[in-house]
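Report on the following structure.
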Amino acid sequence: MGREREATKVAYTVEQLVAFNRYNPDILPDLENYVNDQVSSQTYSLDANLCLLRLYQFEPEKMSSQIVARILVKALMAMPAPDFSLCLFLIPERVQMEEQFKTLIVLSHYLETGRFRQFWDEAAKSRHIVEAVPGFEQAIQGYAIHVLSLTYQKIPRTVLAEAINIEGLSLDKFLEHQVANSDWVIEKSQGRGQVIILPRNEFNDPALKKNAADSVPLEHITRIFPILS
């Protein structure tokens with residue numbers, strides 16, 4: 001509880017700084033410290049992070065590549081929100097050409113297009129970047145499940161395993177949890193192993209659509225095409 005109170009106090013102070021001194025370079029150290037606090041406490045403030053990136057534009061010599069990388073990783077964890085693109089827009093192109101940022105841009109592209117296998121393969125090569133932010137893997141797994149649930153009523157176990165990067169006994173435990181808490185159902189398909197039945201919603205079941213205006217957004221469809229190939 002003490003840690004929660006401390007985090008709340010820091011967040012409130014930063015919100016005040018952002019509200020009243022948004023373009024004051026003197027608050028730059030406070031915003032940088034707040035990025036690190038977000039990482040350690042697994043909290044998130046897009047507004048404060050965007051404010052810091054704007055200040056870096058006016059004070060490029062003070063830019064910290066480590067802080068910028070952490071901001072982008074946190075933004076990836078917020079998908080499907082467009083936070084990553086919003087942050088990237090404020091980062092100079094010359095900075096984006098640094099290797100760690102090129103990697104994060106590639107990871108973002110894989111997530112946006114539903115290429116989860118390629119995402120996890122690339123992330124495994126860049127553990128020093130993504131594992132610096134606790135909760136990264138769990139956040140991306142949640143996003144992958146979100147995308148699958150918008151598209152499928154039923155998915156093979158192998159497709160799920162690839163999308164969330166979990167296999168074997170760990171996947172068994174994960175499925176047990178989802179069955180108990182998220183209304184998933186597991187059935188066996190002859191010759192094809194387990195099939196997971198996901199809860200119906202207006203996106204994966206046309207019968208639940210109220211009218212034609214509720215059609216699935218195009219981005220949800222295009223994200224899943226690579227999984228089917």
Side-chain angles (χ1 to χ4, degrees), residues 32 34-50 52-54 56-57 63-152 155 158-167 170-171 174 217-229:
E32 289 179 328
Y34 187 48
V35 172
N36 291 327
D37 185 72
Q38 291 173 58
V39 171
S40 61
S41 63
Q42 296 192 44
T43 55
Y44 182 54
S45 174
L46 174 63
D47 193 35
N49 294 345
L50 290 176
L52 175 56
L53 292 176
R54 291 191 192 98
Y56 279 153
Q57 290 183 316
M63 178 178 288
S64 165
S65 293
Q66 182 187 64
I67 292 294
V68 174
R70 291 185 169 189
I71 288 175
L72 289 178
V73 172
K74 294 290 284 187
L76 278 182
M77 293 166 62
M79 291 188 73
D83 298 15
F84 187 88
S85 296
L86 294 174
C87 292
L88 195 64
F89 180 76
L90 297 175
I91 299 173
E93 186 174 349
R94 60 174 178 79
V95 177
Q96 294 183 31
M97 294 306 295
E98 293 181 21
E99 200 61 36
Q100 62 178 336
F101 300 126
K102 289 195 292 184
T103 296
L104 289 171
I105 291 170
V106 169
L107 290 176
S108 172
H109 178 66
Y110 285 151
L111 289 179
E112 290 174 352
T113 54
R115 289 189 277 180
F116 296 112
R117 183 186 63 188
Q118 290 93 329
F119 170 85
W120 292 115
D121 288 345
E122 185 66 30
K125 301 174 187 175
S126 310
R127 293 186 182 278
H128 62 290
I129 301 175
V130 298
E131 290 188 349
V133 181
F136 176 79
E137 185 173 352
Q138 292 81 359
I140 302 305
Q141 288 168 343
Y143 168 70
I145 291 170
H146 167 75
V147 172
L148 294 176
S149 69
L150 291 177
T151 309
Y152 291 117
I155 54 172
T158 53
V159 172
L160 176 65
E162 182 176 280
I164 63 176
N165 198 38
I166 301 178
E167 296 178 330
S170 295
L171 181 56
F174 173 81
L218 178 61
E219 62 267 25
H220 294 325
I221 299 175
T222 55
R223 281 173 179 167
I224 213 65
F225 282 163
I227 294 179
L228 301 176
S229 61

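- Other residues, nucleotides and ligands contribute over 12 non-hydrogen atoms within 6.0 Å of the CD atom of Gln57.
- Within the structure, salt bridge (charged side-chain N to carboxylate O under 4.0 Å, His left out) pairs that include any residue of residues 120-146 comprise Arg127-Glu131 (at least two apart or interchain).
- Taking CD of Gln141 as the reference point, atom CG of Leu160 lies at 9.5 Å (rounded to 0.5 Å).
- Rounding to the nearest 0.5 angstrom, the gap separating the CZ atom in Phe116 from the CD1 atom in Ile145 is 10.0 Å.
- Atom-to-atom distance recorded for Leu107:CG and Gln118:CD is 11.5 Å, nearest 0.5 angstrom.
- Here OH of Tyr110 is found 13.5 Å from CG of Leu76. Values are rounded to the nearest 0.5 Å.
- Of the possible donor and acceptor atoms, one in the side chain of Lys74 sits under 3.5 Å from a partner among the backbone N and O of Thr43.
- Counting all heavy atoms, side chain and backbone alike, Gly135 lies closest to Gln42 at CA-OE1, 3.9 Å.
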Take Tyr34 and Leu52 through the test side-chain contact (heavy atoms from CB on, under 4.5 Å) and record every step on the way to the result. CA-CA 10 Å; Tyr34 187 48; Leu52 175 56; over 6 Å; no
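- In this structure, Leu111 CG and Met77 CE are separated by 12.0 Å, a value rounded to the nearest 0.5 Å.
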Side-chain donor/acceptor pairs under 3.5 Å, residues 82-101, sequence neighbours excluded:
| from | atom 1 | to | atom 2 | distance (Å) |
| --- | --- | --- | --- | --- |
| Asp83 | OD2 | Tyr44 | OH | 2.8 |
| Gln96 | NE2 | Leu88 | O | 3.2 |
| Gln96 | NE2 | Ile91 | O | 2.8 |
| Glu98 | OE1 | Ser65 | OG | 3.4 |

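- The shortest heavy-atom contact between Ile166 and Leu171 is CG2-N, 3.3 Å.
- Note that CG of Leu72 is 11.5 Å distant from OG1 of Thr103, once rounded to the nearest 0.5 Å.
- Put simply, the side chain of Ser126 never gets that close to the backbone of Ala123: no donor and acceptor are under 3.5 Å apart.
- Of all heavy-atom pairs spanning Ala132 and Pro134, the tightest one is O-CD, 3.6 Å.
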